[in-house]
2 protein chains.
Amino acid sequence: MELNKRMKTILAAVVHRYITTAEPVSSSIIAKEYNLDLSTATIRHEMYWLEKYDYLWQPHTSAGRIPTDKGYRFYVDNLMIKRYLKENEKREIIQIYKKNKELEETMKITSQLLSKLTHNLGVVLAPIIYDDLVRNIQFIPVGNNRVLTIIVTDTGLVCQKLINVSGEITKDRLSYLSNLINNKLTEKDINIINLKKILKDELDKILSFQERFNYIYDFLEDCLNFKSLKNKVYLDGRTNIMRQPEFNETIKLNYILSIIEEENILANTIRKCLGFRKIKVIIGKESKLKEIQSCSLVTSKYNIKGKPAGAIGVLGPTRMDYSRMISIVEYVSDKLSDILSEF
Amino acid sequence: MELNKRMKTILAAVVHRYITTAEPVSSSIIAKEYNLDLSTATIRHEMYWLEKYDYLWQPHTSAGRIPTDKGYRFYVDNLMIKRYLKENEKREIIQIYKKNKELEETMKITSQLLSKLTHNLGVVLAPIIYDDLVRNIQFIPVGNNRVLTIIVTDTGLVCQKLINVSGEITKDRLSYLSNLINNKLTEKDINIINLKKILKDELDKILSFQERFNYIYDFLEDCLNFKSLKNKVYLDGRTNIMRQPEFNETIKLNYILSIIEEENILANTIRKCLGFRKIKVIIGKESKLKEIQSCSLVTSKYNIKGKPAGAIGVLGPTRMDYSRMISIVEYVSDKLSDILSEF
DNA sequence: ATTTAGCACTCTCACCTCGAGAGTGCTAAA
DNA sequence: TTTAGCACTCTCGAGGTGAGAGTGCTAAAT
């Protein structure tokens, strides 16, 4: 099933052409526009076999050919010429990151950036911050029996949660508590996972007997169930994907709509498929998620201070410009890593 | 141009029927299903005049009638029977608000609630917090020369901003500064608008001469340009609106898509049209925003402690169940007011 | 052994016609 | 004032047609 050189050339031409026009590619178009010095008949002959081997398919007998998922896969792995972003595009990206933003804002503009550059759906998974060191913790009373707890980590993440307090905690006592803890945080490196346990131990040591009421521990227990710590997803360019010609038919569109609304489904899919390599391309039916099997997904992991932290990606029709998508996703993830590591 | 009683009845019937089926309503359907004890010919006669007066229109000669914007308007103002939510629906809403959430989360679930109940696009404008009293301010150093500033207001809003510091500010000095300010905040009621000016005055009094470096004021100046304070919008149910039969055609759909992506356009439109009355209904072309002229918008203001704070709304096709939309929007905004006032 | 010209074949698509059916407006009678 | 009756208009889907696109195959050319 080895493809010979000529078949590869033709496959590359078909993919290239289909990516730009979204219309089935005929033998005569290849002959005319790709200077292969071959007659249409010869090209047809090769296409015939490319179809037999499942790299191409036809919507009907008298139509041109369209790449299959396998065809795209072969193209991405073997034929595609890796391009790099132009200098002005790079400059534009850097420009956008130049102003200091806190984490939330940074995530948001990254998804906007991806969507704007690729004209597809931009996806950003917030960093998993289990390894983050806790910088600061604040307890602020709001109303009666309620405390707003804010945790700031060394990557600049701000988590907040509103907590019901069963007993009575005065403002002074709360600030005493947060001061105690903040001092501990300066002495030791405490990550967000250990926080609960360490806090308990430390507080046992520090607090006097009568202060060691149970509700303080219940309260801390409560504090640390921050839902928002994981699964935060940022999407931008939802409408880009809907404007693609392949989703003209409402039925096909409907299928994808659910994905666009249910951010977490997409996020989990990306999370599951993140492998060893930095950049990953998932083409059509390679995805286990039925709803996006007419789409491809290009993802890249990003780092914070060298450690893998999260991922960004682009979702678009399988007929996407893989080379360009990859270079954008790669460059943006590099810059994002830089920015986040600066904190 | 006064409509007689029979015309009103027929208009109400047409609107009611069209709202439920999305198909032009013929005279025979009215005769059959609405027990008016009139022949189709008579109904046709009345419809003829309703069309002349611009309450109804026909897509073509042999089609039934469809309400015009004017028709819907008359229906909403004069014919509609106000319904109330069922007890179990009310219970469901209350249930969702039961768990304590901070402001951001509350906004989010409100938009989800609206979209789920109405099957349309749910819109929530975050409270305008210029009148909010500042409860707490924290300066937390992150990395070199950067300070994360967090402001918490009495309505539970948490604003954050990352600020570049030109000079050198140590952690101790920052916490000294925030302690100073927080003490001031306890003594006086300071709202977010006055914060800057008051801080400057107070700091002049409190800080010793050598501490009164310019960069502290620059820094404070910077702190208070919180973009996120205004214009925050929460949307949910983007796909609901796309699934409506009237937007089957891609061209019409495209028109609305931009609105769905550009949250702020919609938010500004809502903000502009908020008038004296609590509930406001904008039907089709009554809106100045071209993109939503095939839609209607039902909005309601909500309060915090009696003072108007923000607004919620529902965007759907002009063919929406106005009575139900209004009762949902009204009830949800009441409950939201309650929740936010509890802080 | 490859490549190509030529041609029959297949399928889509745009366009047409046509008749059924829906719903109307008008008129004359009740 | 209401209604029955009817001619009229328009849509919609079915069916037919021909042009055009593109193919697969075959036999001839290289």
Write down the distance between CH2 (W49(B)) and C1' (dT24(C)), rounded to a whole number of angstrom. 16 Å

R6(A) CZ to dT4(C) P: how many Å, rounded? 8 Å

Whole Å only: how far is the CD1 atom of I43(A) from the P atom of dT23(D)? 10 Å

Could you state the atom-to-atom distance from CH2 of W57(B) to P of dT24(C) in whole Å? 14 Å

Output yes when a side-chain donor or acceptor of K90(A) lies under 3.5 Å from a complementary backbone atom of Y331(A), and no otherwise. no

Between R44(B) and A63(A), name the one whose nearest nucleotide on DNA chain D is closer to the 5' end. R44(B)

Please verify the inter-ring angle class for Y55(A) with F74(A); under 30° counts as parallel, over 60° as perpendicular, anything in between as tilted. perpendicular

Once you measure the plane-to-plane angle for W49(B) and H45(B), does it fall in the parallel (<30°), tilted (30-60°) or perpendicular (>60°) bin? perpendicular

Nearest-nucleotide check on DNA chain D, T40(B) vs H60(B); residue mapping nearer the 5' end is T40(B)

Protein-nucleotide distance (L50(A), atom CG; dT23(D), atom P), rounded to Å: 12 Å

Residue T42(A), side-chain atoms from C-beta onward, closest of dT4(C), dT3(D), dT24(C): dT4(C)

From CG of N4(A) across to P of dA1(C) the rounded distance in Å is 17 Å

Over how many whole Å does the gap from L38(A) atom CG to dA5(C) atom P extend? 11 Å

Side chain to side chain donor-acceptor pair (under 3.5 Å) between S111(B) and D236(B): does it pass, once the steps are laid out? CA-CA 5 Å; S111(B) 69; D236(B) 196 87; 4.8 Å; no

Whole-Å gap separating C1' (dG25(C)) and CG (L56(B)): 16 Å

So, for I256(B) and E291(B), which heavy atoms are closest and what is the spacing to 0.1 Å? CG1-O, 3.7 Å

Among the nucleotides dT10(C), dC10(D), dT3(D), which one has an atom lying closest to any side-chain atom of T61(B)? dC10(D)

Could you verify whether a donor N or O on one side chain and an acceptor N or O on the other, from Y72(B) and S296(B), lie under 3.5 Å apart? no

Dot-bracket for DNA chain C, 5' to 3', with Watson-Crick and G-U pairs under 3.5 Å, [ ] for crossing pairs and | for other-strand pairs: what is it? ||||||||||||||||||||||||||||||

Would you indicate which nucleotide in dT11(D), dT4(C), dT12(C) comes nearest to any side-chain atom of S39(A)? dT4(C)

Nearest heavy-atom contact between L117(A) and R324(A) is O-NH2, 3.5 Å

Checking contacts here: which listed nucleotide (dG25(C), dA5(C), dT23(D)) is nearest the side-chain heavy atoms of R65(A)? dT23(D)

Is a side-chain donor or acceptor of R319(A) paired with a backbone partner of I19(A) at a separation under 3.5 angstrom? yes

NZ/NE/NH1/NH2 to OD/OE distance under 4.0 Å, E286(B) and K280(B): no

DNA chain C contacts among residues 16-36 of chain A, heavy-atom distance under 4.0 Å: none

